[in-house]
K.L.:
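Handing you a structure now.
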Amino acid sequence: MLDIKWIRENTEKFDTAMKNRGSSVTSSNLLELDKTRRNIINKMQELQAKRKTISKEIGMLKAKGGDAAALLEEMQGISPAVKNLEEQDRQANIELENALIALPNIPEDCVPAGKDEDDNVEIKKWGTPREFDFEPSPHYEFGEKLGLDFATGAKLTGARYAWLQGDIARLERAIATFMLDHLRDKGFTEVSVPLIVNDASMIGTCQLPKFAEDSFNVGDDRWLIPTAEVPLTNSMRDTIVAPENLPIKMCAWTPCFRSEAGSAGKDTRGYIRMHQFFKVEQVVIAHPEKSDELLNELTKNAEEILEKLNIPYRTIILCTGDMGFSAKKTYDIEAWVPTQNTYREISSCSNCGDFQARSMKARFKNKEGKTEFVHTLNGSCLATGRTLVAILENYQNEDGSLTIPDVLQPYMGGQKVISVK
RNA sequence: GGAAGCGUGGCAGAGCGGUUGAAUGCACUGGUCUUGAAAACCAGCAAGGGUGAAAGUCCUUCGAGAGUUCGAAUCUCUCCGCUUCCGCCA
């Protein structure tokens, strides 16, 4: 959530940022709401103060055994009036908050302005795509013979669910363990988190109220996590951390659940866009001065995984129109998919600044002893399902077998190849 | 799932319906003392918001919400959470 005070003081910047984000909201309407709200507050507080002093006087008088009739008379009508103003205040706050909560984060200055994914900017390219001396097969065809089974997934649940069997299932687990070990070496603390969270957590990381459709609601106020970012980041909700404890680096390997509303027809083939997929997620709670640097670190951690796996990739910076709601800067990493002759998203690393921290009330004490919002960052390292896809695509052999990347072999008990049964 | 108890500041822990935003202890910060440290002593130390250039000042907040009252941390109700016991069960 954005800070109304900041908007008040940076109206022009706010207006251009919203325009670049593809939002039609302007500051004027918000400032109007803010103004009426503050007017109500002033009136309300004046009356509250009156009630408080008279009430104290009554108390003192009664303690001395005096007659408070005159004061009680004066109090007549104050309480209902206060209550009325308090109600108005509540309404005004809700109205302002509803307006604010619908606004995306302000992009950082260095983020390229643009409308959609076509305006994203490539900033790095690594590795050379393999020269195949045979026609490579798409992972969903080639992988099927190795245990990647969509039919059984569809039978059990429906479209966009898969059944992985045998070595291919083991390989996905190996991938995840490899990634977690990598992050452990980087100083991340591994966490095993709840996979179901409440409304407050979903609001904390800004999945709610705007994107309720994207997640699975499991009754009342509970949700299946769309990413481990939600539980990990929300661990800091309503807390004030000591600055010496920053940054806090956490990671978790979890299933992620997404309804994929609005993506009908997209990526329907293959293990790319599932309702349920595994992902290793990194979350960092940072000092505001360090968050930019830490975003580079998160991105590098993810890139290193692909380098160790020897999978070509490119890193892009998302333009203003393509960035996620909470982010002020995002790097996407895309892995090479030979049969599509293109790079496909495998990781997304974002600096959310104080955007989530404000809705979560996650703070720290700064040098002056004042509380200040922390910055939150998150990034996949990586989506394990899509990493499996990248390996299937890049490491396949002509005879239908799959070479296991060197770094993963220790996690597979030394196995070097997955062969067709 | 059933029953009982409990939810107060970073933590522990007081708090007859009325000068209680809240005693006390610990922790923390600054100071005195010391060659230095410890100890001792002195002082400070909640968050959010309004107003203000600032100093300041005012309002709100004792799990959340509603109610009783001139006045609620304190009384009533609902909800949430935790603990213990019983039941069930990886």
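A, B, ... follow the sequence lines: proteins, then strands. Residue 1 opens every chain. No experiment lies behind these values; they were computed from the predicted model shown.
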K.L.:
For atom P, what is the distance between B:G7 and B:G17, given to the nearest Å?
P.N.:
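The answer is 16 Å between these two P atoms.
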K.L.:
Kindly point out which of B:U68, B:G71, B:G50 is positioned nearest to the side chain of A:K5?
P.N.:
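Given the options B:U68, B:G71, B:G50, the side chain of A:K5 is closest to B:G50.
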K.L.:
Looking at B:C59, B:G48, B:G49, which one has an atom nearest to any side-chain atom of A:A49?
P.N.:
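Nearest nucleotide to the side chain: B:C59.
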K.L.:
Taking only side-chain N and O atoms of A:R37, does any of them lie within less than 4.0 angstrom of OP1 or OP2 on B:G49?
P.N.:
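For A:R37, the contact criterion (side-chain N or O under 4.0 Å from OP1 or OP2 of B:G49) is not met.
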K.L.:
The side chain of A:T371 is closest to which nucleotide in this list: B:A66, B:C58, B:G48?
P.N.:
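My answer, after comparing the listed nucleotides, is B:G48.
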K.L.:
Say we look at B:A12 and B:U83: how far apart would their P atoms be, to the nearest angstrom?
P.N.:
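Between the two P atoms, the distance is 14 Å.
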K.L.:
Atom CG of A:D238 to atom C1' of B:G48: distance rounded to whole Å?
P.N.:
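Going from A:D238 (CG) to B:G48 (C1'), I get 12 Å.
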K.L.:
Would you measure the distance from the P atom in B:C45 across to the matching atom in B:C82 and give it in whole Å?
P.N.:
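Roughly 35 Å separates the two P atoms.
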K.L.:
Where is the tightest heavy-atom contact between A:R170 and A:M412, given as atom of each residue plus distance?
P.N.:
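Closest approach of A:R170 to A:M412: NH1-O, 3.2 Å.
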K.L.:
With C1' as the reference atom in both, quote the distance from B:G44 to B:C77 in angstrom, rounded to an integer.
P.N.:
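About 42 Å, rounded to a whole number of Å.
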K.L.:
Could you point out which residue of A:E334, A:R344, A:E307 forms a side chain to side chain donor-acceptor pair (under 3.5 Å) with A:Y313?
P.N.:
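For A:Y313, the side chain to side chain donor-acceptor pair (under 3.5 Å) check succeeds only for A:E307.
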K.L.:
With rounding to the closest Å, how many angstrom separate the C1' atoms on B:G15 and B:A22?
P.N.:
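One C1' to the other, the span is 8 Å.
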K.L.:
Let me know the distance between CD1 of A:I4 and P of B:G48, rounded to the nearest Å.
P.N.:
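About 18 Å, once rounded to whole Å.
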K.L.:
Please determine, for the side chain of A:S79, which listed nucleotide (B:G71, B:C59, B:A47) has the closest atom?
P.N.:
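Of all the options, the side chain of A:S79 is nearest to B:G71.
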K.L.:
Surrounding CG of A:D109 (heavy atoms of other residues, nucleotides or ligands, distance under 6.0 Å), is the total greater than 12?
P.N.:
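Not more than 12 within 6.0 Å, no.
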K.L.:
Would you name the heavy atoms of A:C319 and A:V111 that are closest together and state the gap between them?
P.N.:
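Here A:C319 and A:V111 meet closest at C-CG1, 4.0 Å.
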K.L.:
Starting the side chain at C-beta, find the nucleotide from B:U51, B:G81, B:G18 nearest to A:N42.
P.N.:
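My answer, after comparing the listed nucleotides, is B:U51.
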K.L.:
The side chain of A:R8 is closest to which nucleotide in this list: B:A66, B:G18, B:G50?
P.N.:
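Output: B:G50.
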K.L.:
Report the distance from atom CZ of A:F364 to atom P of B:A47, rounded to the nearest whole Å.
P.N.:
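So the CZ-P distance, A:F364 to B:A47, works out to 13 Å.
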K.L.:
Any base atoms under 4.0 Å from A:K361, or only sugar-phosphate, or nothing? Heavy atoms, all strands.
P.N.:
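Here A:K361 touches no strand at all.
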K.L.:
Taking B:G21 as the reference, what is the distance to B:C6 when you measure between their P atoms (whole Å, please)?
P.N.:
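Looking at atom P only, B:C6 and B:G21 are 25 Å apart.
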K.L.:
Using a cut-off of strictly less than 4.0 Å, decide whether A:R90 has a side-chain nitrogen or oxygen near OP1 or OP2 of B:A66.
P.N.:
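It does, given that an N or O in the side chain of A:R90 lies less than 4.0 Å from OP1 or OP2 of B:A66.
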K.L.:
Please tell me which of A:Q45 and A:I58 maps to the more 5' nucleotide of RNA chain B, matching each residue to the nucleotide holding its nearest heavy atom.
P.N.:
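So the residue in question is A:Q45.
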K.L.:
Can you see if the side chain of A:K52 gets near the phosphate of B:C59 - specifically, an N or O under 4.0 Å from OP1 or OP2?
P.N.:
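The answer is yes; a side-chain N or O of A:K52 sits under 4.0 Å from OP1 or OP2.
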K.L.:
For the C1' atoms, the ones on B:G13 and on B:G25, what distance do you get once it is rounded to whole angstrom?
P.N.:
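Here B:G13 and B:G25 have their C1' atoms 8 Å from each other.
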K.L.:
Please check if the number of heavy atoms outside A:K155 that lie under 6.0 Å from its NZ is greater than 12.
P.N.:
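Atom NZ in A:K155 is not crowded, with 12 or fewer foreign heavy atoms closer than 6.0 Å.
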K.L.:
Rounded to the nearest angstrom, tell me the gap between atom NZ in A:K56 and atom C1' in B:A72.
P.N.:
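Distance check: A:K56 NZ to B:A72 C1' gives 14 Å.
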K.L.:
Could you check A:D332, A:T376, A:N378, A:T330 and say which one makes a side chain to side chain donor-acceptor pair (under 3.5 Å) with A:S350?
P.N.:
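Checked A:D332, A:T376, A:N378, A:T330 against A:S350; only one passes side chain to side chain donor-acceptor pair (under 3.5 Å): A:T330.
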K.L.:
To the nearest Å, give me how far apart NZ (A:K43) and C1' (B:C59) are.
P.N.:
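Spelled out: NZ on A:K43 to C1' on B:C59 is 16 Å.
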K.L.:
Tell me what A:I41 touches on the nucleic acid: a base, only sugar-phosphate, or nothing, going by heavy atoms under 4.0 Å.
P.N.:
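Result for A:I41 = sugar-phosphate.
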K.L.:
What's the shortest heavy-atom distance between A:A252 and A:V191, and which atoms?
P.N.:
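Smallest interatomic distance, heavy atoms only, reads CB-O, 3.2 Å.
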K.L.:
Roughly, in whole Å, what's the span from CD1 in A:I240 to P in B:C28?
P.N.:
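Going from A:I240 (CD1) to B:C28 (P), I get 18 Å.
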K.L.:
Measure from CD1 on A:I54 to C1' on B:U69 and round the result to the nearest Å.
P.N.:
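So the CD1-C1' distance, A:I54 to B:U69, works out to 16 Å.
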K.L.:
Near A:K115 NZ, under 6.0 Å, is it more than 12 heavy atoms from other residues, nucleotides or ligands?
P.N.:
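Result for NZ/A:K115: open.
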K.L.:
Between B:G18, B:G81, B:U60, which nucleotide has the shortest distance from any of its atoms to the side chain of A:S55?
P.N.:
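Taking heavy atoms from C-beta onward, the closest nucleotide is B:G18.
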K.L.:
Return the nearest nucleotide to the side chain of A:M75; candidates are B:C70, B:U68, B:G50.
P.N.:
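Looking only at side-chain atoms, A:M75 lies closest to B:C70.
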K.L.:
Looking at every non-hydrogen atom in both residues, tell me the closest pair between A:A200 and A:R237 and how far apart they are.
P.N.:
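Here A:A200 and A:R237 meet closest at CB-NH1, 3.6 Å.
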K.L.:
RNA chain B: stems of at least 3 consecutive Watson-Crick or G-U pairs, cut-off 3.5 Å?
P.N.:
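Stems for RNA chain B, defined as runs of 3 or more consecutive pairs: B:1-7 with B:80-86, B:10-12 with B:24-26, B:28-32 with B:40-44, B:46-51 with B:56-61, B:63-67 with B:75-79.
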K.L.:
Rounding to the closest angstrom, what is the interatomic distance between B:A66 and B:G10 at atom C1'?
P.N.:
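Result for the C1' pair: 31 Å, nearest Å.
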K.L.:
Please determine whether a side-chain nitrogen or oxygen atom of A:R363 lies at a distance below 4.0 Å from atom OP1 or OP2 of B:G48.
P.N.:
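Yes, A:R363 has a side-chain N/O under 4.0 Å of OP1/OP2 on B:G48.
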K.L.:
Start at the 5' end of RNA chain B and walk down; is the nucleotide closest to A:D34 or to A:T53 reached first?
P.N.:
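The answer here is A:D34.
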K.L.:
How many angstroms lie between CE in A:M1 and CZ in A:F373, if you round to the nearest 0.5 Å?
P.N.:
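Answer for the CE-CZ pair, A:M1 versus A:F373, is 8.0 Å.
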K.L.:
How close or far is atom C1' of B:U61 from atom CG of A:N93, stated in whole angstroms?
P.N.:
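So the two atoms are 14 Å apart, to the nearest Å.
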